[in-house]
Amino acid sequence: MKPYSLILKELWQRPTPMLTSLVAVTLGVTALVAIQNITVYSEQKISSEMDSLGANVLVLPPSVSLQNYYSADMHGKTMPEEYVTQLALAKLPGVQNLAPKLCVEADVDSIPVVLTGILPRSEFEAKAAWQGMSLLTSSVGSDRGCCATGITGGDEDEDPTALATKRSIKDLGKDEVILGSEIASQLGSQKGDKITLLEKEFKIIAVLPATGTIDDGRLFAHLHTVQELSGSGPVVNVIEIMACCEDAAGDLVGDLSKELPDTRVVTISQVVETQVAVNGLMSRLSWLFFSILLLVGAASIASVMYSNVSERRKEIGTLMALGASPAFVTRLFLGKATILGFAGGLGGFLLGTVLAYILGPQLLGVAVQPMPQLCLIGIGVATLVAVVASYLPARHAAGLDPCLVFNDA
Amino acid sequence: MYSLENVIKKYERHGQEVTALDDTNLEIPDNDFVAIIGPSGSGKTTMLSLLGGMLAPSSGKVVLDGVSLYDLSVKERTKVRSTKIGFVFQSFNLIPWLTARENVQIPLVLAGCDSEQQQQRASAMLEKVGLADRMRHKPSEMSQGQQQRVALARTLANDPQIILADEPTGNLDPETREQVMEYLTEFHQDGRTIVMVTHDEAAAKFATRTIRLVAGVAADLNTESQAEAA
């Protein structure tokens, strides 16, 4: 028999007094694990949805009032194209991609169309002045700002239809054009056909899938070609920025305004802020529940330990008479608290994970996976709380007068 | 050898000072069997606590084998208790959730013996008190007499040179009382020193010496009777 066997045997033989405390600690950790688990996976889902939404920040000329997010470039106002370079060189945290646009009216076979000039990323890479920025040639989200993942790069970007979701493409020739699904249908054109726009012949290299936005009715050509054909010079109507959602809701807008003071920066702020706020609230709530339930658990443990010491006075006195030192008695009670905290932490982690697994898809439509780091946090904090709560009762036990073992003591 | 040198023990109770032991001098040589008798509140338990290294005197010294017990640190005194002193209690003080053998193992656990040694020694001690067939029984599954024998086996586990017994027959029927006293006599005959606090005059007769405590003052009845005889 080892000293810890004394603790385990006592817990095994007399589990009832400790069950309340164990339940409180377990519930505290369960609340933390379940809510944190759902929150983390909810954040990932939101982040992924924001990526699929495309650009979530717009840089516009200052006098523009935004009526429709997706037609933000159709206002006729322009700003210098060099702003794009300036933004790229600024390397602002949270910026994943830039997509400058210039929108002009044209017609194809007497049908009025909107021709939008876009800048392929190969143009960014080609510019010597931007070689050092590596903004669009490598993922920026992984080490800057709060982006979980970068969105640039990958084979998918080579496909021009990626423009529909990614808002930018890798390559686009000066005489190539991409059609929105609706206008392609209206013109009866398909990939490989040729069409004439502003007296220049273009080859259709892709027809975009339907997006349900105004983009379905657009034609996309190289920005510089559109600038040249329209005679507008090196200007753009809008710079779309794909930013990480938390940054978009945070400092990014301020940073952008500071970088380009003569512009207007707008974001899908309500969407982003609300979603980020909900996540933050859930996260804070989980810590609040965790703290409250752990405090209840701590109070319960302290109370149960005091009563345990009181019930076992004779037993403790006997141990002391038989040669147990005060330090041994202290260890006996703190050991018991450690086991309780560990069991509560582990039980809470398992219960919380199962709860998150069940409730995540039901409540938020989020599929969750176990998060081992929460196991460490849960067990660590629960054990610490249990030990701290038991310290005074343990010292009280160690300070008992061993003479109480005698008959008339 | 034990000696109490001018030991005074005073308590504070409800603002009043109570003298439990008053300037007591006592010598208990090795292999002595002393019965301490006296009315309730006379200081018997206080004396046992002092001898057990569990209650420091207000003044005076308790010396065991030439070492003043209360000049030792708590840790050293705990060590003395676990190696030299065994206790027998009136209500046995067995741990209710441990088996008989595990109860006997406790002093060996506290002394740091390994598990195998603990089990062998505990089994041998239980056999010695006639409980070889009760090793896995819990205290609640045994009679009072059997429980006291388990307690005696526990007392012997560390082979103590001194046994301090507090009313060891107080909760027992006459037959079991006789049996327990015979065991104590046997332990005495094995060379141990026994100091027994008792109300039971029949039990006291097993001792070789009787000390009466009245209001904190000790009187050796044997010395008195010798003086009277002279």
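Chain letters run A, B, ... following the sequence lines, proteins first, then strands; residues in each count from 1. Since this is a predicted model, take the numbers as computed values, not measurements.
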Can you say whether [X] sits under 4.5 Å from chain A via the side chain, the backbone, both, or neither, judging by heavy atoms?
| X | answer |
| --- | --- |
| B:R154 | side chain |
| B:E102 | both |
| B:K79 | neither |

Next on the checklist: Quick one, B:Q118 with A:M1, criterion side chain to side chain contact (heavy atoms under 4.5 Å, CB included). Give me CA distance, side-chain angles, the key distance, then yes/no.
Outcome noted: CA-CA 8 Å; B:Q118 288 173 25; A:M1 199 164 63; 3.5 Å; yes

Within a reach of under 6.0 Å around [atom1] of [X], are more than 12 heavy atoms found that belong to other residues, nucleotides or ligands?
| X | atom1 | value |
| --- | --- | --- |
| B:E12 | CD | yes |
| B:Y70 | OH | yes |
| A:Y357 | OH | no |
| A:R313 | CZ | no |
| A:Q373 | CD | yes |
| B:Y11 | OH | yes |

Checklist entry - Between OG1 of A:T318 and CZ of B:F92, what distance do you get to the nearest 0.5 Å? => result 12.5 Å

Item to check | Value rounded to 0.5 Å, distance of CZ in A:R312 from CD1 in B:I95 | outcome: 7.5 Å

Next on the checklist: When you compare the side chain of B:P96 with that of A:Q13, does any pair of heavy atoms fall below 4.5 Å?
Outcome noted: no

Checklist entry - Any side-chain heavy atom of B:V74 sitting closer than 4.5 Å to one from A:S325? => result no

Closest heavy-atom contact between [X] and [Y]?
| X | Y | answer |
| --- | --- | --- |
| B:F87 | A:A321 | CE1-O, 3.2 Å |
| B:S82 | A:G323 | CB-CA, 3.6 Å |
| B:R81 | A:A324 | NH2-O, 4.4 Å |
| A:L322 | B:I106 | CD1-CG2, 3.9 Å |
| A:K9 | B:L98 | CD-CD2, 3.4 Å |
| A:P326 | B:T78 | CD-OG1, 4.5 Å |

Checklist entry - Taking only heavy atoms into account, what residues of residues 139-147 of chain B are found under 4.5 Å from chain A? => result none

